[in-house]
Chemist: 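Questions regarding the structure given below will be posed in turn.
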Amino acid sequence: MIVARSLAQLREARQSLGGLPVALVPTMGALHRGHLALLARAREAAGTVAASIFVNPTQFNAGEDFARYPRDEAADLAMLRQAGCDLAWVPDAATMYPPGDATAVEPGGPAEAWEGEHRPGHFRGMATVVAKLFGQVRPHAAVFGEKDWQQLQVVRRMAADLHLGVDVVGLPTVREADGLALSSRNRLLSPGERRTAPALHRTLLDVAAALGDGREPGDACASGSRALADAGFGIDYLALIDGETLRPLSRVQDGARLIAAARLGSVRLLDNIGV
Ligand code: AMP
């Protein structure tokens with residue numbers, strides 16, 4: 001595996017890997033089995049697999065967890081190597097945001113509600129850094145997790161709207177045996193919070209079952225929120241939405257999705273399922 005840390009090294013690496021199509025897996029490191037599944041999907045999509053590791057400061061809000069976001073570059077590179085990754089792109093902040101940097105992507109549409117409201121500026125930072133990564137690595141495809149459903153839709157929309165020529169591929173959420181979606185932030189949960197955390201996925205399944213029984217969505221989501229609050233979560237939202245536009249739905253239709261964000265102590269957990 002080639003590890004590139006500067007744009008010059010990245011250019012050289014791209015040349016030495018030849019003209020094969022490249023599939024990119026953008027990450028913020030602290031890699032787990034979910035990321036490895038993205039790499040395996042990338043391998044199906046292209047002859048060369050690249051992964052980026054960059055904890056992007058501009059997608060964290062003031063007071064959010066940028067400083068305490070888990071970082072373990074040596075372990076990450078070992079995992080990438082073992083997974084058969086061809087190229088690791090590990091830029092620093094000065095490479096991503098050079099002096100005089102003055103351009104950003106301002107995503108609308110699917111970026112506006114939910115995470116967009118709860119984390120102002122988050123999708124602007126995320127979309128900007130993904131656009132930069134696409135420009136640097138020039139992949140043919142990029143693989144993102146459905147775990148961050150709204151992020152996946154924002155990236156799809158951006159790639160289409162800006163004609164970036166990157167095929168954006170989504171991969172179903174990889175979960176623990178108890179249903180908890182794998183996330184780098186799970187390692188910040190206390191043992192007690194870790195025991196409570198699977199209730200988020202379980203509640204989404206319960207709400208989906210209630211919808212299947214014909215329950216009205218507003219009512220079913222309110223019951224789900226109450227169940228989560230009783231379990232000890234602080235709830236940011238639990239909603240039935242159109243999977244592509246992220247608009248709220250008042251009835252189940254094709255492509256509908258349940259999305260939720262809830263806090264356990266200071267750890268914010270996201271999950272979503274198809275309905
Ligand atoms: P991050 O974990 O924030 O660095 O995200 C890097 C990529 O991994 C994103 O595309 C995430 O959606 C994806 N990802 C994170 N957790 C999971 C998971 N449990 N299953 C599938 N993809 C995931």
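Reckoned from all heavy atoms, side chains included, excluding hydrogens, waters and symmetry mates. Start at 1 and go down the list; that is how both ligands and their atoms are numbered. This is a predicted model, so every value here is computed, not measured.
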Chemist: Would you give the length of the straight line joining atom CZ of Arg175 to atom CG of Leu180, rounded to the nearest 0.5 angstrom?
Modeler: 8.0 Å
Chemist: Considering the options Thr95, Asp101, Asn56, which one meets the side-chain hydrogen bond (donor to acceptor under 3.5 Å, both in side chains) requirement together with Lys132?
Modeler: Asp101
Chemist: Taking salt bridge (charged side-chain N to carboxylate O under 4.0 Å, His left out) as the definition, give me every residue that meets it alongside Arg43, ordered by chain and number, with sequence neighbours left out.
Modeler: Asp86
Chemist: Do Arg14 and Thr48 have side-chain N/O donor and acceptor atoms under 3.5 Å apart?
Modeler: no
Chemist: When you check the side-chain N and O atoms of Thr58 and Tyr97, is any donor under 3.5 Å from an acceptor?
Modeler: yes
Chemist: Could you tell me whether the side chains of Thr203 and Asp206 share a donor-acceptor contact shorter than 3.5 Å?
Modeler: no
Chemist: For ligand 1, which of its N or O atoms have a protein N or O partner closer than 3.5 Å, and how long is each gap?
Modeler:
| residue | atom | partner | partner atom | Å |
| --- | --- | --- | --- | --- |
| ligand 1 | 2 (O) | His35 | NE2 | 2.8 |
| ligand 1 | 4 (O) | Met28 | N | 2.8 |
| ligand 1 | 10 (O) | Gly145 | N | 2.9 |
| ligand 1 | 12 (O) | Gly145 | N | 3.2 |
| ligand 1 | 12 (O) | Gly145 | O | 3.3 |
| ligand 1 | 12 (O) | Asp148 | OD2 | 2.6 |
| ligand 1 | 16 (N) | Leu182 | O | 3.3 |
| ligand 1 | 19 (N) | Val174 | O | 2.9 |
| ligand 1 | 19 (N) | Leu182 | N | 3.4 |
| ligand 1 | 19 (N) | Leu182 | O | 2.8 |
| ligand 1 | 20 (N) | Val174 | N | 2.9 |

